[in-house]
Asker: 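Mind looking over this structure? Questions follow.
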Amino acid sequence: MKQHTDTILYLDSVSVSFDGFKAINNLSLYIEQGELRAIIGPNGAGKTTMMDIITGKTRPDTGTVLFNGDTALTELDEAAIANLGIGRKFQKPTVFEHHTVFDNLELSLKGNRTPFESLFFKLKTEQRDRIDDVLKTINLQDARNQEAGSLSHGQKQWLEIGMLLMQDPDLLLVDEPVAGMTDAETIETARLLKDISKNHSVIVVEHDMDFVKSLDCRVNVLHEGSVLAEGSLDLVQSNPEVIEVYLGR
Amino acid sequence: MIRQPFILRILQDRLASFILGLLLLSAFLVPALNLYVSPESALHVPSYVVTLLGKYLTYALLALSVDLVWGYCGILSLGHGAFFALGGYAMGMHMMRQIGDRGVYGDPVLPDFMVFLDWKELPWYWYGFDNFGFALLMVLLVPGLLAFIFGWFAFRSRVTGVYLSIITQAMTYALLLAFFRNDMGFGGNNGLTDFKDILGFDLKSDGMRASLFFLSAMAVIFGYFVCKFIVESRLGRVIIAIRDAESRARFLGYRVEYYKLFVFVVSAVLAGIAGALYVPQVGIINPSEFAPANSIEIVIWVALGGRGTLIGPIIGALVVNYAKTYFTGALPEIWLYMLGGLFILTTLFLPKGITGTESIAQSFENYRLKLARWLRPHDFPDLNKEPAE
């Protein structure tokens, strides 16, 4: 077993089943501090379920999930895990449609999340500046006061990534960030994620092989709830088992 | 705060200031016209009208409390009548104790219905209600506590949407059945009535009626500002976020259940205050106030007035209840059909209610066009769609 103190995320023999169906089957996965990692796999391979387990939405039947080497995530709920420093972007872009782009980011600001604190909250100048920085990063300065519901699909994806950045998490989980994006948007998103991965650990789940290639990072192939192959994209793509899974059946 | 088109927001704020100004004015004017203008004058407001308007105002506060949870946090409570009734019962218990030995049976401590049931001593939960301050505290505490306990279990178990609505309905129905029982010690079927006075002032006196009206109007204004403060704060933006994308809020680190609990309890307390102002004006509180149909009616006021606007539900409650008084007098057999029809029309033509819609005529026009297009697609090309190449 690998030394797990320098891992940001450590999953060891995790299993979960729903009504007898093993969605995750003895999955082990280690992500190092500051790493950018891509996870690919056919539909039903368990990618989203894995994210659910890490973020506390689903509790595994067996196995260990450690964050930053020593914090067990399996006992915590979503809010606690988010406040520990794990951000998650959903597959379908999910933003607060009736709030402005600015308010969406403001609500994602790192900080106290209790109702009482929220009731008397006043935005500080440096927090406003931080929001403006992120607006620039995700290229939505012009949409600042626009309702998020009126954004295009790609812009919503970026806004959601921006919301993760506001949380300033140690680990970002990004589920299919380029689904439904134009080619130009995809290229822009790859640049954005690579940029983010300079100061954060990032896990990207994606189907789009060109996009994964452009991320130029280590790749895990998930199949039937466990890791089938790990390595560079070229390596896993030439793996006969992987080819079988993707092309066979 | 729901960010609507700018013009609409201004209009709404204007509307709110207009309505609140009107409330404040009538808080002073109506009692004055009742007490200081001679009954012969055309400007005189009869006492029964003062009390009737006061009753409407307590309903307006109740509607406001429902709007806070439904309009802003997406919690469709179909049991808010329970909090209203509990506030009313707390006030009713105080007034029962105030009767003292003036009751039919003349018992200095026990209310008439207890003497009638042959009870020998006051049940423990009636202790303290002879004290006005204690009763006021209970008006706030009992609905607040029930909302807290109910919400704690419901929100922690992540019961949402229609399931939550059903259990709120079950809650008020359970209380209805419980309060019907004589053994509960709240007067059973007949409830609490025959009240005499509060703090030594005769409830039937004009001065008392005028004061209760004044307090009701002030309570609505107070309730509006409490709710406004909440929804304009960051907490308000969080509850809207929860309404629109609950799991997103959770994964951002917000404890959704605490936020829901907070607004639910605040809302229940406001409903309790409304109930406590209602009972001395109508002179009775009985288990029928817990009837599920009552709670559903509140939701209709809110929907009609415009949910998520705060001022809308106040208008909705006043308008619907005025209509109710008028039509149950003029055409009693059709009122329930009218209420049902109003709700259907609101859902079809005014999904945002009276205050949230650009213009009623416009929305009728949109609907007519839609219908015409559906009937004869060729004569009414859809201008929003790109022309086919």
Side-chain angles (χ1 to χ4, degrees), chain A residues 51-52 54-57 76-90 92-123 145-150 156 159-160 163-164 166-169 173 175, chain B residues 1-6 8-9 68-69 71-74 148 151-152 155-158 225-267 307-309 351-352 356:
Chain A
M51 294 240 179
D52 286 347
I54 299 169
T55 51
K57 194 178 175 209
L76 302 172
D77 68 359
E78 296 100 319
I81 291 175
N83 288 323
L84 271 180
I86 297 183
R88 175 180 188 179
K89 202 199 89 54
F90 295 104
K92 180 175 169 284
T94 313
V95 295
F96 304 127
E97 309 240 325
H98 286 98
H99 284 311
T100 61
V101 169
F102 183 87
D103 283 349
N104 267 274
L105 294 176
E106 190 261 327
L107 284 172
S108 319
L109 256 175
K110 191 176 191 169
N112 198 312
R113 296 274 199 259
T114 61
F116 189 77
E117 206 74 29
S118 297
L119 194 57
F120 300 104
F121 176 82
K122 282 263 183 304
L123 194 64
N145 297 319
Q146 216 171 309
E147 230 176 60
S150 69
K156 281 185 194 170
L159 176 56
E160 203 181 356
M163 288 162 76
L164 293 194
M166 292 305 303
Q167 278 181 275
D168 194 20
L173 305 176
D175 203 349
Chain B
M1 181 169 42
I2 296 180
R3 305 292 171 98
Q4 281 158 327
F6 189 62
L8 203 60
R9 255 160 67 201
L68 182 66
V69 287
Y72 290 87
C73 201
F148 184 84
W152 177 263
F155 301 141
R156 272 173 58 95
S157 312
R158 302 195 181 173
F225 281 111
V226 168
C227 293
K228 192 76 180 165
F229 178 74
I230 290 175
V231 304
E232 298 271 320
S233 73
R234 187 191 205 198
L235 187 144
R237 291 197 291 280
V238 176
I239 59 174
I240 290 172
I242 290 170
R243 180 194 70 191
D244 292 344
E246 180 168 332
S247 58
R248 176 72 279 172
R250 250 185 233 289
F251 285 113
L252 280 179
Y254 288 103
R255 291 208 179 273
V256 167
E257 53 276 19
Y258 293 173
Y259 281 84
K260 286 185 174 176
L261 203 53
F262 176 85
V263 284
F264 198 61
V265 170
V266 170
S267 164
R307 68 174 160 133
T309 60
K352 293 176 185 165

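Any value given below was found using the heavy atoms of this structure, including those in side chains, with hydrogens, waters and symmetry copies removed. Each chain gets a letter, A, B and so on, in the order the sequences are listed, and its residues count up from 1. What you see is a predicted model; the values in this text were computed from it and never measured.
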Asker: Can you tell me which residue among A:E97, A:E78, A:E160 is in a salt bridge (charged side-chain N to carboxylate O under 4.0 Å, His left out) with B:R248?
Answerer: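 The single option meeting the salt bridge (charged side-chain N to carboxylate O under 4.0 Å, His left out) with B:R248 is A:E160.
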Asker: Looking at every heavy atom in both A:T94 and B:A245, which two are closest together, and how far apart are they?
Answerer: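 Between these two residues, the closest heavy atoms are CG2-CB, 3.8 Å.
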Asker: Identify which part of A:L173 has an atom lying under 4.5 Å from any heavy atom of chain B, answering side chain, backbone, both or neither.
Answerer: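 The answer is neither part of A:L173.
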Asker: B:E246 versus chain A, heavy atoms under 4.5 Å apart: side chain, backbone, both or neither?
Answerer: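 Neither part, no heavy atoms under 4.5 Å.
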Asker: Would you compute the distance between atom OG of A:S108 and atom CZ of B:F251 and round it to the nearest 0.5 angstrom?
Answerer: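 If we round to the nearest 0.5 Å, A:S108:OG and B:F251:CZ are 14.0 Å apart.
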Asker: If you count heavy-atom pairs under 4.5 Å with chain B, which of A:R88, A:K89, A:K57 comes out on top?
Answerer: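 Of A:R88, A:K89, A:K57, A:R88 has the most heavy-atom pairs under 4.5 Å with chain B.
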Asker: Quick one: side chain to side chain contact (heavy atoms under 4.5 Å, CB included) partners of B:L235, sequence neighbours excluded?
Answerer: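 Side chain to side chain contact (heavy atoms under 4.5 Å, CB included) check on B:L235 returns A:P115, A:S118, A:L119, B:I230, B:S233, B:I239, B:Y259, B:F262, B:V263.
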Asker: Once rounded to the nearest 0.5 Å, what's the spacing between atom CG of B:D244 and atom NE2 of A:H98?
Answerer: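 Going from the CG atom of B:D244 to the NE2 atom of A:H98 covers 5.5 Å.
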Asker: Before giving the answer on side chain to side chain contact (heavy atoms under 4.5 Å, CB included), spell out for A:F96 and B:R237 the whole-Å C-alpha distance, their side-chain angles and the decisive distance to 0.1 Å.
Answerer: CA-CA 10 Å; A:F96 304 127; B:R237 291 197 291 280; over 6 Å; no
Asker: Report yes if the side chains of A:R113 and B:Y258 come closer than 4.5 Å at any heavy-atom pair, otherwise no.
Answerer: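 No, every pair of side-chain atoms sits at 4.5 Å or beyond.
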Asker: Take atom CZ in A:F116; do more than 12 heavy atoms of anything else shown fall under 6.0 Å from it?
Answerer: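 Counting neighbours around CZ of A:F116, 12 or fewer heavy atoms of other residues, nucleotides or ligands fall under 6.0 Å, so no.
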Asker: Any Lys/Arg nitrogen of A:D77 or B:R250 sitting under 4.0 Å from an Asp/Glu carboxylate oxygen of the other?
Answerer: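 Salt bridge flag = no for B:R250 with A:D77.
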Asker: Can you name the closest pair of heavy atoms from B:R234 and A:N112 and give their distance?
Answerer: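 For B:R234 and A:N112, the tightest heavy-atom pair comes out as NH1-O, 4.1 Å.
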Asker: Chain B: which of A:L123, A:T114, A:N104, A:N145 shares the most heavy-atom pairs with it under 4.5 Å?
Answerer: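 Most pairs with chain B among the choices: A:T114.
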